[in-house]
A.B. asks: 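Attaching a single structure in structure tokens format; questions to follow.
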Amino acid sequence: MSLQKGTLNWIMVAAIGVSIVVAGQFSGWNFGMANGWQNMLIAFGIMFVFYAGLMQCLSEMAATWPSAGGLSSYVRLAFGEWAGALIGIATGLALISCTGVVAVFIVGYAAPILPINETLFKILLFMTVVVLNLRGAKDLFSITLIAGFIAVLTLLSFSASTVSDFQASNLELSTSSISLLGIVAAIPFALWMFVGIEHTVVTSEETKNPQKDIPRGLTCALLTLALTGILLLFTAPGAAGVSTLTDVVDPLLASIPASSVVLKNFIMIGVLFGLLAGFFSITYSASRQLFDVARAGFLVSPIAQVNKRGTPLYSVLTVAALGFGLSLMNPERVMLGVVVMFTFTYVLTTAAYIFLKKNKTDVTRPYQAIGGMGLGVIMFVASVLLFISSFKFDVVVLAPLVVLFVIAIVKLLSKKANKNNSIAYNENSVEHLK
């Protein structure tokens with residue numbers, strides 16, 4: 001049960017990294033400006049530095065231990081099967097939840113252009129992503145590369161077209177001030193402009209040269225997202241005003257005058273391409289997470305099966321089914337559990353980096369993170385603080401996570417029982433021979 005290897009290069013890795021995150025730059029980040037534009041800007045800078053450090057740690061681990069499990073595989077290597085399963089299930093569910101949310105956004109943006117039943121549209125979306133995944137990772141990434149490029153081009157075009165309308169007074173600096181509480185409150189929204197990029201490392205098992213492709217791809221993706229993000233933070237509120245954008249779901253379109261019909265339509269189409277790129281990429285990452293957890297024995301074995309093209313067939317179908325179900329829920333409520341699950345994984349992942357750095361000194365590391373152990377300690381402390389500042393809890397949203405954990409427990413107990421029965425059988429056989 002292995003994936004198709006040697007199919008992806010660093011450009012494709014960068015493409016999926018941008019595509020996973022870019023949907024968050026079209027909407028959601030603007031809510032953070034309710035805490036003051038300058039606080040949001042500082043929070044954005046903090047999150048960029050945080051992710052730059054995290055990408056270094058992940059690059060070293062991915063180059064050393066390439067795996068479709070990504071973060072969960074490193075935690076499992078450091079702390080055992082249970083810790084790895086915990087991260088894998090939390091990450092998989094968070095990514096699946098994102099597919100449902102993005103599907104809602106896609107339908108919302110496409111509704112004025114394509115008058116079609118929303119539920120039917122969502123079914124077609126998930127059917128399309130299943131077909132693309134079944135054709136293999138290379139075909140999916142080729143489409144993602146094109147869609148991601150269009151998404152970035154859209155963001156840059158938007159910024160270029162609105163820069164002439166920029167007015168410093170629209171940033172409303174006189175009505176707000178820099179404060180620690182304001183920065184902390186804005187961090188979850190600044191995080192939304194980068195969150196998910198870390199799961200690009202699930203491609204490491206399918207890259208041609210992990211020690212070069214992963215660090216280059218992650219760095220390129222992060223710098224691209226930082227560029228588009230900082231431009232958005234200045235041009236959108238600078239053109240429309242901070243208070244105008246703090247409670248809208250389409251901050252890009254809300255920043256364009258109603259008279260600019262051609263520009264609005266261009267941006268709307270570009271947004272749809274960006275959301276589709278994110279949708280395909282997130283679905284890919286989610287399916288690989290479930291595949292890896294099932295391969296480790298914590299989910300039913302069919303999810304770990306692959307077809308002739310090296311695609312985890314039943315894992316993709318599971319993601320599509322669960323994602324479609326979540327797309328029928330209130331997207332705001334679904335998003336409540338996403339951030340906390342992602343930030344929780346950072347805590348255990350950075351702890352795993354420190355543990356592996358200290359206890360696996362005999363392992364050759366093709367790529368060394370800049371800063372080494374010192375960086376790992378800093379990232380662990382930062383991850384704990386980030387988790388605390390982002391924590392939210394919703395029983396209904398986290399209920400599927402509980403169900404998956406129950407399945408994992410049953411599978412583990414079953415695996416142990418089978419192992420004990422096998423040992424007992426062998427001992428009886430030996431005794432009988434005597």
Side-chain angles (χ1 to χ4, degrees), residues 1-8 12-17 19-21 58 61-63 65-77 84-99 102 126 129-144 195-208 210 213-214 217-218 221 277-307 309-323 341-342 345 349 404 408:
M1 293 182 291
S2 61
L3 300 173
Q4 188 175 6
K5 301 180 186 298
T7 59
L8 310 176
M12 291 181 174
V13 172
I16 193 172
S19 300
I20 288 175
V21 182
L58 290 177
M61 291 190 289
W65 300 284
S67 172
L71 276 59
S72 63
S73 63
Y74 314 137
V75 173
R76 183 187 304 124
L77 182 62
L86 180 68
I87 293 297
I89 293 173
T91 299
L93 185 61
L95 290 169
I96 292 172
S97 300
C98 286
T99 66
V102 174
F126 282 101
V129 84
V130 168
V131 171
L132 289 174
N133 269 276
L134 295 183
R135 284 187 58 83
K138 190 171 183 178
D139 288 348
L140 176 64
F141 284 150
S142 296
I143 295 174
T144 299
V195 70
I197 188 175
E198 68 279 3
H199 297 294
T200 310
V201 295
V202 300
T203 63
S204 60
E205 194 171 328
E206 296 171 86
T207 54
K208 296 177 181 178
D213 293 332
I214 295 300
L218 291 180
F279 183 67
F280 294 151
S281 300
I282 294 168
T283 304
Y284 165 85
S285 298
S287 67
R288 269 50 180 183
Q289 283 292 330
L290 289 191
F291 164 81
D292 188 71
V293 174
R295 184 168 59 178
F298 287 89
L299 292 176
V300 292
S301 57
I303 295 180
Q305 294 180 6
V306 297
N307 63 11
R309 291 178 175 267
T311 300
L313 170 62
Y314 294 106
S315 179
V316 173
L317 292 173
T318 301
V319 170
L322 293 176
M341 284 188 281
F342 273 137
T345 64
T349 301
L404 286 177

A.B. asks: Quick check: closest heavy atoms across Ala62 and Ile214, and the distance to 0.1 Å?
C.D. replies: CB-CG2, 3.9 Å

A.B. asks: Output all residues satisfying side chain to side chain contact (heavy atoms under 4.5 Å, CB included) with Ile303, sequence neighbours left out; order by chain, then residue number.
C.D. replies: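 Per chain and number, Ile303 pairs via side chain to side chain contact (heavy atoms under 4.5 Å, CB included) with Leu290, Ala294, Leu299, Val300, Ser315, Thr318.
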
A.B. asks: Looking at CG of Leu93 and SG of Cys98, how far apart are the two atoms once the value is rounded to the nearest 0.5 Å?
C.D. replies: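 Interatomic distance, Leu93 CG to Cys98 SG, rounded to 0.5 Å: 9.5 Å.
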
A.B. asks: Are any non-hydrogen side-chain atoms of Asp213 and Thr203 less than 4.5 angstrom apart?
C.D. replies: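 The answer is no, as the side chains (C-beta and beyond) never meet within the 4.5 Å cut-off.
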
A.B. asks: Hey, what do you get for CZ (Arg288) to OG (Ser73), rounding to the nearest 0.5 Å?
C.D. replies: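 Interatomic distance, Arg288 CZ to Ser73 OG, rounded to 0.5 Å: 14.5 Å.
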
A.B. asks: In Å, rounded to the nearest 0.5 Å, how long is the span from OG1 of Thr349 to CZ of Phe342?
C.D. replies: 11.5 Å

A.B. asks: Nearest 0.5 Å, what's the OG1-OH distance between Thr99 and Tyr284?
C.D. replies: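 It is 16.0 Å, given to the nearest 0.5 Å.
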
A.B. asks: So which heavy atom on Pro210 is nearest to which on Pro66, and how close?
C.D. replies: CG-CG, 3.8 Å

A.B. asks: Indicate yes or no for a side-chain donor-acceptor contact from Glu198 to the backbone of Gly196 under 3.5 Å, with no hydrogens or angles considered.
C.D. replies: yes

A.B. asks: Compare every heavy atom of Ile197 with every heavy atom of Ala221, then report the nearest pair and how far apart it is.
C.D. replies: CB-CD1, 3.9 Å

A.B. asks: Could you tell me which non-hydrogen atom of Ile96 sits nearest to which non-hydrogen atom of Gly323, and how far apart they are?
C.D. replies: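 Smallest heavy-atom distance, with atoms named: CG2-N, 3.6 Å.
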
A.B. asks: With a 4.5 Å limit on heavy-atom distance, are the side chains of Val130 and Thr283 in contact?
C.D. replies: no

A.B. asks: Between OG1 of Thr200 and CG of Leu58, what distance do you get to the nearest 0.5 Å?
C.D. replies: 9.5 Å

A.B. asks: Quick one: pull up CG in Leu95 and NE2 in His199 and give me the separation to the nearest 0.5 Å.
C.D. replies: 5.0 Å

